[in-house]
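Lettering follows sequence order; numbering is per chain, from 1.
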Amino acid sequence: MASRSVAPGAALLRASRVFAIPPALPRPTGDYAAASGGFSSDTATLPHPIHQSLTTFQSSLERGDWGLKRSLPLRSTTKTSTPLIKVEAMDTFEQITEFASAADHTLSLQKWQEMGIPITTPKPKRESNFEGTGSGRSVFEDDLDSTTHGTNAHVKDTTRWKFKGPWLAGQTEGEFNNYVQKEVRKRKTEFRKFLRRECAAAINKETQQRKNLKKDAEAEATEAQSILGPQDITDEQLSTYIQTLREDRAELFKQIRTFLDLPPSPVRKDAGLFNVAELMFSSSLLPNSGPDGQSEAASMSPYAESGPPKTHPSAGLSYGRTSSKLFNHPVYGPQKYSPPVQARVVTPSRSATGTLGAALGVGGFVTRLPASEQLGQAGYYSRDKAMKSSPLVGLSKVDPDNKAGAKLYVQPTRATVDAQGKVVLQVSLADPVAVAVKEDKVDELPVAEPPRRISPLGATRSIRIEGQNNSSGSLYGI
Amino acid sequence: MAPPRLQCLNSIRAVSRKALSLKATFSTSHVRAVEIPTTNTEREFDLSDISRPVGRIQLPRGKPRRVGRMGSNPEDTTSPKASSARVQRLVEQSFDKKKKYFDDKAAATRTMTEIQQQKLSANLSKQISRRFMPGDVYAPHDLSAVEMAKWKRRGRPMYDAFDALNLNPIDHYRNFSMISEYITPMGRIRHSKETGLRPVNQRRIAKTIRRTIGMGIMPSVHRHPEILQKLLTKSQSQNTGQYR
């Protein structure tokens with residue numbers, strides 16, 4: 001709101017969009033493969049939006065009034081079913097406002113919100129016995145969603161997602177050298193001050209421990225003088241402390257990490273069990289390869305392996321904490337699965353670029369195929385000629401007969417936002433009953449067999465494999 | 001209608017058909033009428049036109065006798081039973097021949113259409129030049145031909161590779177695999193516009209290439225033969241296509 005003290009013209013300006021539009025985010029650079037002379041397009045939809053998306057009232061739209069510095073041309077803003085723009089430059093040398101359509105990300109967000117998938121923390125690549133607070137938890141859990149040092153400093157420190165320093169594990173050697181030379185070197189005196197403070201704290205702790213052991217009266221008498229401040233530490237004491245730090249690399253790394261506020265680095269979780277020799281070598285020979293021992297193995301951060309996210313780990317896509325909710329169909333009642341989503345096959349596996357396997361587009365977000373065993377069970381890999389009309393054809397190659405493109409019903413399971421700000425969605429194949437409910441073709445489902453009577457000769461006859469019963473609608477309230 | 005040149009053939013066909021029926025009239029056998037499958041000249045041949053002659057040829061009643069195989073026995077030839085059997089056999093043979101002909105033709109057209117479909121599908125999938133990665137966001141515009149054409153072109157590197165990896169090109173004068181990336185297939189040093197190196201590193205890599213060639217580690221007129229061989233085998237394996 002504009003304050004009263006300013007002139008009415010200024011108040012109007014301050015309340016207008018000209019001042020409300022935030023500056024654009026830096027353009028996502030993509031990975032190194034794309035940046036080092038790969039194939040790319042400058043007009044492709046970016047993995048995440050960098051401009052604010054604007055819309056306006058119908059009456060204002062017809063006048064070209066978007067609340068900007070000047071009116072926008074009617075021809076390019078009104079002849080669209082999605083009047084959404086992003087302002088790339090409010091004013092240019094040629095005295096025009098640069099704008100483009102923002103329908104791509106706005107509609108993708110809308111589709112995402114319709115799917116209602118909560119964002120979870122990234123899944124570790126290798127599941128191990130020592131699984132931390134990591135996989136499959138909502139990013140809004142209290143112990144994960146923190147940006148500041150809290151009361152419980154250790155837990156908060158390892159699980160927060162925002163850090164001042166860079167993620168060293170994600171840097172190339174050149175970047176790391178650059179960081180050390182440009183950023184770290186300047187802070188040498190500051191680091192010595194920090195160490196002096198830490199030295200005082202260490203000495204105080206040691207005295208405290210000694211006192212606890214002795215527990216006699218004379219220690220209490222000297223209590224007042226035993227608590228040291230940073231100014232009390234002599235250069236002699238500091239150099240001794242630095243020497244002990246050089247011996248104890250784990251402690252040194254902890255100090256450096258705290259000082260530079262570095263995010264936790266990926267740690268081999270199974271090192272303690274299987275790779276004792278490797279751990280020994282890494283601790284003694286390769287100080288840069290990672291911290292040794294307990295202090296880092298205890299890192300509970302879900303972002304240790306993939307790097308801390310750029311934004312809040314939910315990226316503002318979804319604010320739900322869980323996907324455990326029941327879809328209540330108006331006719332068939334509560335359903336086991338939420339309505340499946342139709343996915344488009346954007347790259348068939350046999351296309352020139354599909355060497356990594358087919359890619360699906362779910363609500364504008366590209367994902368990999370569901371697990372292959374699921375597809376195999378559903379008969380997607382069978383070499384039956386009668387399957388020609390099934391999505392199998394569209395999954396492996398472009399089907400020229402299918403004008404609208406190959407599509408496939410999937411069930412979104414989980415989503416994470418990775419360190420580059422990309423939304424990584426995982427899907428499974430949709431349940432046939434859920435698809436039938438969605439398409440309103442429940443009457444075409446195979447009729448469930450009535451339960452057999454238990455034969456008096458043997459109970460084994462009545463036992464049926466659960467998989468056979470999957471298609472029956474009785475479980476789903478049909 | 002048949003094309004004009006073939007129309008005159010129709011009259012001949014009618015005459016020949018009549019002659020066939022005349023032959024039947026004067027036949028010594030007791031076959032009264034043999035149904036000749038009428039063919040529609042207006043339509044193309046098609047499998048439904050041919051049907052196996054189901055209506056058994058009328059035979060005079062009598063005690064069934066064994067029919068001589070060769071029919072050389074004059075007694076057998078004169079017997080109505082044997083001659084009708086022979087006619088029957090002939091008709092069946094001609095039917096089988098015809099059926100085989102049309103089966104082959106249909107199979108050929110089927111495989112032809114299949115091949116054409118495959119070609120079309122391969123050509124269409126070549127139009128998908130963008131390698132969609134998980135996490136990409138796309139709008140309808142990204143699936144258009146305009147965008148796909150852009151993904152076919154190789155862009156200029158955005159980073160200096162040697163700076164990113166903290167390498168000095170001059171130290172790697174023996175690594176012809178790496179150096180080959182900085183020369184054209186004809187052995188010329190690539191411009192910094194293409195390599196994306198900063199001036200210092202561009203001068204260093206140029207010096208390295210000149211030194212390597214001078215030492216005789218690499219030919220001056222093309223890439224290293226091992227690299228060429230590798231590229232060749234790669235392109236061959238891509239053409240034969242080992243797809244999943």
Side-chain angles (χ1 to χ4, degrees), chain A residues 29-32 34-49 101 103-105 107-108 172-178 344 346-357 359 361 364-368 393 396-401 405 417-418 420-426, chain B residues 110 113-114 116-144 146-168 181-182 190 193-198 201 238 241-244:
Chain A
T29 48
D31 49 352
Y32 262 98
S36 58
F39 302 96
S40 62
S41 160
D42 51 344
T43 50
T45 305
L46 298 171
H48 61 77
S101 169
D104 44 5
H105 283 117
L107 291 193
S108 291
T172 64
E173 203 167 343
E175 279 172 341
F176 175 72
N177 284 348
N178 208 21
R344 176 185 296 281
V346 286
T347 312
S349 57
R350 271 203 241 165
S351 68
T353 49
T355 45
L356 297 173
F365 295 86
V366 179
T367 65
R368 286 265 163 262
V393 179
S396 56
K397 60 184 181 183
V398 175
D399 186 8
D401 298 333
V417 177
D418 72 1
Q420 280 81 43
K422 284 185 171 186
V423 183
V424 182
L425 179 67
Q426 279 175 19
Chain B
R110 215 183 305 132
T113 45
E114 265 174 24
Q116 277 167 357
Q117 283 277 318
Q118 274 178 3
K119 252 188 185 169
L120 180 62
S121 140
N123 286 343
L124 284 174
S125 59
K126 262 183 203 165
Q127 304 291 319
I128 306 172
S129 51
R130 179 170 176 183
R131 199 179 287 266
F132 279 103
M133 299 305 283
D136 285 349
V137 179
Y138 72 93
H141 178 242
D142 290 285
L143 305 175
S144 68
V146 181
E147 277 295 313
M148 286 299 177
K150 286 186 178 178
W151 283 91
K152 272 181 191 163
R153 288 200 303 267
R154 190 177 272 277
R156 187 190 174 216
M158 285 151 79
Y159 296 104
D160 187 327
F162 291 108
D163 271 358
L165 298 170
N166 196 29
L167 296 175
N168 186 356
E181 292 197 1
Y182 291 94
R190 283 189 194 276
K193 210 160 53 183
E194 293 169 75
T195 59
L197 301 180
R198 69 186 166 102
N201 277 338
Q238 268 180 357
Q242 291 282 319
Y243 291 123
R244 282 196 298 128

Segment of A/L46 engaging chain B (4.5 angstrom heavy-atom cut-off): backbone
Worked check of side-chain contact (heavy atoms from CB on, under 4.5 Å) between B/R198 and B/D163: CA-CA 9 Å; B/R198 69 186 166 102; B/D163 271 358; 2.6 Å; yes
Chain B interface, residue from A/T43, A/D418, A/L425, A/V423 that has the most non-hydrogen pairs under 4.5 Å: A/T43
Smallest separation among heavy atoms of A/R344 and A/G405, with atom names: NH1-CA, 4.4 Å
Residue, of A/A359, A/P400, A/S101, A/A103, that accumulates the most heavy atom pairs under 4.5 Å with chain B: A/P400
Verdict with reasoning, A/Q426 to A/T367, per side-chain contact (heavy atoms from CB on, under 4.5 Å): CA-CA 7 Å; A/Q426 279 175 19; A/T367 65; over 6 Å; no
Evaluation steps, side-chain contact (heavy atoms from CB on, under 4.5 Å), between B/Y159 and A/T172: CA-CA 12 Å; B/Y159 296 104; A/T172 64; over 6 Å; no
Greatest number of heavy atom pairs closer than 4.5 Å to chain A - which of B/A149, B/S125, B/A139: B/S125
Pair A/S41-B/E147, side-chain contact (heavy atoms from CB on, under 4.5 Å): steps then yes or no: CA-CA 7 Å; A/S41 160; B/E147 277 295 313; 2.8 Å; yes
Partner set under side chain to side chain donor-acceptor pair (under 3.5 Å) for B/D142, not counting sequence neighbours: A/T45, B/R130
Which of A/L107, A/D401, A/V417 touches chain B most, by non-hydrogen pairs under 4.5 Å: A/D401
Contact leader toward chain A among B/E194, B/H141, B/R153, B/K126, where contacts are heavy-atom pairs under 4.5 Å: B/R153
Partner chain B: residue of A/G364, A/P47, A/S108 with the largest heavy-atom pair count (under 4.5 Å): A/G364
Region of B/L143 in contact with chain A, defined by heavy-atom distances below 4.5 Å: side chain
Which atoms of A/V346 approach chain B - backbone, side chain, both or neither, heavy atom under 4.5 Å: both
Side chain to side chain donor-acceptor pair (under 3.5 Å) partners of B/Q116, counting only residues at least two apart: none
